[in-house]
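To keep things clear, I will list the structure first and then write my remarks on it.
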2 protein chains.
Amino acid sequence: MAHLQPDQTGELSGIRPRRNNRRLELMRAAAHCFVAQGYAATTMREIAAAAGMQPGSIYYHFSSKLDLLTAVHEEGLRRITAATGAALDRVGGDAPPWERLEAAACAHMSALLEGDVFFTAVMRDLPDEDTPSRERVTALRDDYERIFSRLLADLGLPRDVDARTLRLMLMGAMNWAHGWYRKDGDTPDAIARKFIRYLRQSLSD
Amino acid sequence: MAHLQPDQTGELSGIRPRRNNRRLELMRAAAHCFVAQGYAATTMREIAAAAGMQPGSIYYHFSSKLDLLTAVHEEGLRRITAATGAALDRVGGDAPPWERLEAAACAHMSALLEGDVFFTAVMRDLPDEDTPSRERVTALRDDYERIFSRLLADLGLPRDVDARTLRLMLMGAMNWAHGWYRKDGDTPDAIARKFIRYLRQSLSD
DNA sequence: GTCTATACTTGGATAGAC
DNA sequence: GTCTATCCAAGTATAGAC
């Protein structure tokens with residue numbers, strides 16, 4: 001009871017930030033590889049090299065490659081949920097609904113395109129192998145998407161607008177951007193604001 | 001000269017539809033595997049089994065796994081370009097621009113979600129390995145995307161709308177749909193029409 | 001054109017020293 | 001907690017018969 005729930009990474013919660021230090025480095029190295037080449041194409045040797053350790057050493061921290069992928073996804077989803085929530089807190093609960101949606105979209109795009117690799121890894125390839133751990137990841141995904149569901153519900157959309165399809169449309173547009181985003185073009189925020197603007201006028205009544 | 005350009009698949013052009021018959025079956029089997037699991041996770045043995053042949057037999061038709069992927073992508077891009085072009089012909093060159101865009105979006109979504117697997121394989125994972133063949137695939141991709149660029153240019157958008165970002169937004173929304181589409185929900189056409197509608201009013205000036 | 005058989009390489013994972 | 005060494009399975013690709 002004294003320690004609450006010891007966080008798996010020791011980073012988000014701020015509790016015990018130094019313990020299991022290499023575990024998080026390992027996850028970050030893996031996330032980089034997964035983003036660059038995809039999960040299946042990434043080898044444990046590559047991950048080990050990226051983390052500056054020997055392949056065998058990975059298995060002290062993770063029981064399998066799939067276990068490592070799961071950890072990366074959980075971390076990524078936890079972070080993106082926290083980042084978007086923080087952005088919403090910053091803009092305030094009584095800000096206009098479209099402004100709140102824009103804030104969330106900006107947070108999502110910044111995280112996906114310029115933030116930590118954990119976010120990006122989540123969107124690159126979801127673990128399609130049927131594993132017990134997949135349920136947890138799916139649950140976290142659902143939690144995150146619910147943020148956007150609520151924001152859309154608050155817009156007071158016209159009755160002939162299907163909020164679910166609209167949400168999937170927006171999320172698809174955002175997530176696909178990691179395939180074409182270039183650092184010398186629009187910033188993630190600018191892209192997000194354009195997306196919202198292109199939807200806004202037609203639907204705000 | 002008599003045969004014009006002998007088509008690589010013998011299917012699209014209508015010339016010599018029976019020759020190299022198994023080659024196309026093989027490509028289709030491979031496309032199925034690539035869509036289901038991704039390129040890297042797919043093995044030559046699986047492809048062979050799906051095509052009803054022995055692993056070694058593949059190499060009579062294709063020199064490598066990457067060669068097979070390239071062929072699948074080229075075929076998919078050739079087909080989606082043809083299908084979208086045909087849909088535009090059907091709706092007519094002097095139809096209203098938004099109607100033409102809708103027709104193209106419907107063709108794209110139908111192809112991606114319910115059409116031949118070749119289309120879908122193209123969107124699942126692009127060949128990121130640097131290979132000479134990648135240039136050809138990229139060129140075909142560019143050709144296809146140019147169709148949408150032209151359609152958007154014809155809309156006569158307000159000056160403060162960035163046509164490129166709008167195109168990428170729409171393409172992202174569409175391509176991401178293959179991750180959430182269910183046969184018991186909206187049809188591909190219905191989804192495409194919603195997407196277009198949610199963009200239309202705000203932007204038609 | 002397809003098969004069988006197999007060469008050769010790479011990958012995930014383990015064992016045990018330190 | 002990390003390393004070295006290694007096992008074993010699985011992968012791509014080839015050779016040659018039919």
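Note on naming: letters A, B, ... go to the chains in the order of the sequence lines (proteins, then strands), and numbering restarts at 1 for each one. Computed from a prediction, not measured in an experiment: that's the story for all the values here.
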Take the protein atom CE of A:Met53 and the nucleotide atom P of D:dC3, then report the distance between them rounded to whole Å.
7 Å
Whole-Å gap separating P (D:dG1) and CG (A:Asn21):
11 Å
Under 4.0 Å from OP1 or OP2 of C:dC3: is there any side-chain N or O of B:Ser57 that close?
yes
C:dT2 phosphate, OP1 or OP2, under 4.0 Å from B:Tyr60 side-chain N/O
no
Donor-acceptor side-chain pairing of B:Arg136 and B:Thr70 below 3.5 angstrom:
no
Rounded to the nearest angstrom, tell me the gap between atom CD in B:Gln37 and atom P in D:dG11.
10 Å
Atom-to-atom span, CG of B:Leu24 to P of C:dG1 - whole angstrom
15 Å
Is it true that A:Tyr144 and A:His108 share a donor-acceptor pair across their side chains at a distance under 3.5 Å?
yes
If you compare every side-chain N and O of B:Gln54 against the phosphate oxygens of C:dT4 (OP1, OP2), does one of them come in below 4.0 Å?
yes
For A:Tyr59, does the six-membered ring have the charged nitrogen or CZ of A:Lys65 within the cation-pi criterion, i.e. under 6.0 angstrom from the centroid and within 45° of the normal?
no
Return the value, rounded to whole Å, for the distance between atom CD1 of A:Ile58 and atom P of D:dC3.
10 Å
Assign A:Thr43 to base, sugar-phosphate, or nothing according to its heavy-atom contacts below 4.0 angstrom with the strands shown.
sugar-phosphate
Among the nucleotides C:dG1, C:dA13, D:dA13, which one has an atom lying closest to any side-chain atom of B:Ser64?
D:dA13
B:His61 side-chain proximity, nearest of C:dT14, C:dG1, D:dG1:
C:dG1
In whole angstroms, the gap separating P of D:dT14 from CZ of B:Phe62 amounts to 15 Å
Of all the nucleotides listed (C:dG12, D:dA13, C:dT2), which has the minimum atom distance to the side chain of A:Lys65?
C:dG12
Quickly work out the B:Tyr59 OH to D:dG16 P distance and round it to whole Å.
18 Å
Distance only, no hydrogens: is a donor on one side chain within 3.5 Å (strictly under) of an acceptor on the other, for B:Ser110 and B:Asp189?
yes
Rounded to whole Å, how long is the line connecting atom CE of B:Met44 with atom P of C:dT9?
18 Å
If you take atom types as modelled and just measure distance, does the side chain of B:Arg45 reach the base of D:dT12 with a donor-acceptor pair under 3.5 Å?
yes
Return whichever of A:Ala41 or A:Ser63 has its heavy-atom-nearest nucleotide of DNA chain C closer to the 5' end.
A:Ala41
Just how far is it from atom CZ of B:Arg124 to atom CG of B:Asn175, taken to the nearest 0.5 Å?
13.5 Å
